[in-house]
Amino acid sequence: MEDVTATLSKPALQIGPYQVDPPVVLAPMAGITNVAFRQLCAEYGAGIYVCEMITARAVVERHPGTMHMMTFGEHEKPRSMQLYGVDPKTMREAVKIITGEGLADHIDSNFGCPVAKVTRKGGGAALPFKRKLFADIVRESAKAAAEAGVPFTVKFRVGIDDEHRTFLDAGRIAEAEGAAAVSLHARTAAQRYSGQADWSKIAELKQAVTSIPVLGNGDIFSAADALRMVDETGCDGVVVGRGCLGRPWLFGELEAAFAGRELPTPPNLGEVSKVLRRHAELLIAHDGATKALRDLRKHMAWYFMNFPVGSELRRGFAMVSSLTELDDLIGRLDHDAPFPDNADGPRGRQGSPGKVTLPHGWLNDPDDDCVPEAEDMHSGG
Ligand SMILES: Cc1cc2nc3c(=O)[nH]c(=O)nc-3n(C[C@H](O)[C@H](O)[C@H](O)COP(=O)(O)O)c2cc1C
């Protein structure tokens, strides 16, 4: 295995009042980063573990499902959540509810969603193109959060496409309007999740934004990737998404690598199935068996990726409906099968590149007084 513990000096990441050591953040992922998954990851290493994204409007309307998503474990410090919104007033109101009721200690915001139903209305990754609106949202939210001593951070992409790169303006605006840190997913919206993240954009952002931390995001699948990103870009911390799907122990590897320690040995199939079992228990405690085991299916596919698990057993795991059944299937695995060499690489969301759908005339004037229409959003980044 590559020696990643070599020479790098670890960045000191400070987000508002929180010292984040190691400088690692679990990327918000809709449908994934619920309280069970966050706890599982946090059992391997420290960092900030961001909750699934929720919409500002759902908070303001106190949507019961949304309030349930804002459940945190006792171990979570800071309790970190992500808001999505396109209207400065709604965002401010949502932040005030969250901070006023002490529901979270860190609020991130999502300006990176590339999904057509969101960008079509000017939301997600389309929004930072409207500089005034973007500034209004960040200012109103950051101000409301700061009144309660809660840091507000901003996550965005490189831009809409290669002709409309917004990340440098977005970073400078976020810095000027009171954000405590920015994170860059180093792809354009047109790229979706395809191709490679362009880390040179993270380096450019780091040069442009000097008074708050700049976090890099995109294609960290191993501890070596994380150290290389810090080394190549000078970023203050790393945000890890798909790399930990079916690999929550990646956070242990990151902690070891940033501390200059030797990496733990990758787990064999028996050890992986123990992690899966723990994941199931945590999910069931939060959501009940039916929902939890349905949710677990996608994770099982990721846990077993590239392991020698036959198709009959895989089908069994995909249909599992109780912990007893799960235990029975786990008992039939070849526990000694070693961690596969080719286990790195993308899991989870893929999506092919393509044109970004925007509202009519959206690209005419970045400084107009646009009134956004989009508030609904279910998932994305
Ligand atoms: C299943 C899935 C759901 C996501 N949901 C969100 C989200 O709700 N908010 C957000 O800002 N990004 C979201 N993202 C994007 C990730 O936070 C991250 O920016 C992206 O996956 C790139 O990082 P990676 O290469 O480490 O995966 C999502 C990504 C995936 C794979």
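Treat the numbers as computed from the prediction; the structure is a model and nothing was measured. Counting convention: from 1, in listed order, for ligands and their atoms alike.
The shortest N or O to N or O distance between V239 and ligand 1 is not below 3.5 Å. An N or O contact shorter than 3.5 Å links G241 to ligand 1 by distance.
Of the candidates K298, R187, R242, M29, R242 brings a heavy atom nearest to atom 25 (O) of ligand 1.
In this structure, R157 is positioned above the aromatic face of Y193, its NZ or CZ under 6.0 Å from the six-membered ring centre and within 45° of the axis.
Between F317 and F304, the distance from one ring center to the other falls under 6.0 angstrom. Note: F111 and Y84 fail the aromatic proximity criterion, with ring centroids not under 6.0 Å apart.
Listed by atom number, the atoms of ligand 1 under 4.0 Å from K155 heavy atoms are 10 (C), 11 (O), 12 (N), 15 (C), 16 (C), 17 (O), 18 (C), 19 (O). The contact set between ligand 1 and H185, taken as ligand atoms under 4.0 Å from a residue heavy atom, comprises 19 (O), 20 (C), 22 (C). Set against the non-hydrogen atoms of M53, the atoms of ligand 1 under 4.0 Å away are 8 (O).
Atom CE of M67 has more than 12 neighbouring heavy atoms from other residues, nucleotides or ligands inside a 6.0 Å radius. Residue H63 places its NE2 atom among 12 or fewer non-hydrogen atoms of other residues, nucleotides or ligands, all under 6.0 Å distant. Other residues, nucleotides and ligands contribute only 12 or fewer heavy atoms inside 6.0 Å of the NZ atom of K89.
Contact between P28 and ligand 1 is present, with at least one heavy atom of the residue lying under 4.0 Å from the ligand. By the 4.0 Å heavy-atom criterion, G218 is counted among the residues contacting ligand 1.
Side chains of T188 and D161: a donor-acceptor N/O pair is absent below 3.5 angstrom, by distance only.
Only the side chain of Y193 comes within 4.0 Å of ligand 1, counting heavy atoms alone; its backbone N, CA, C and O stay farther away. The part of Q82 lying near ligand 1 is the side chain, judged by heavy-atom distances below 4.0 Å. If you look at D219 next to ligand 1, the close heavy atoms, those under 4.0 Å, come from the backbone and the side chain alike.
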In a table with atom names and distances, give each donor-acceptor pair under 3.5 Å that connects a side chain of residues 36-43 to protein atoms at least two apart or in another chain.
residue	atom	partner	partner atom	Å
R38	NE	E76	OE1	2.7
R38	NH1	T33	O	2.8
R38	NH2	T71	O	2.9
R38	NH2	E76	OE2	3.0
Q39	NE2	E43	OE2	3.2
E43	OE1	R278	NE	3.1
E43	OE2	R278	NE	3.3
E43	OE2	R278	NH2	2.6

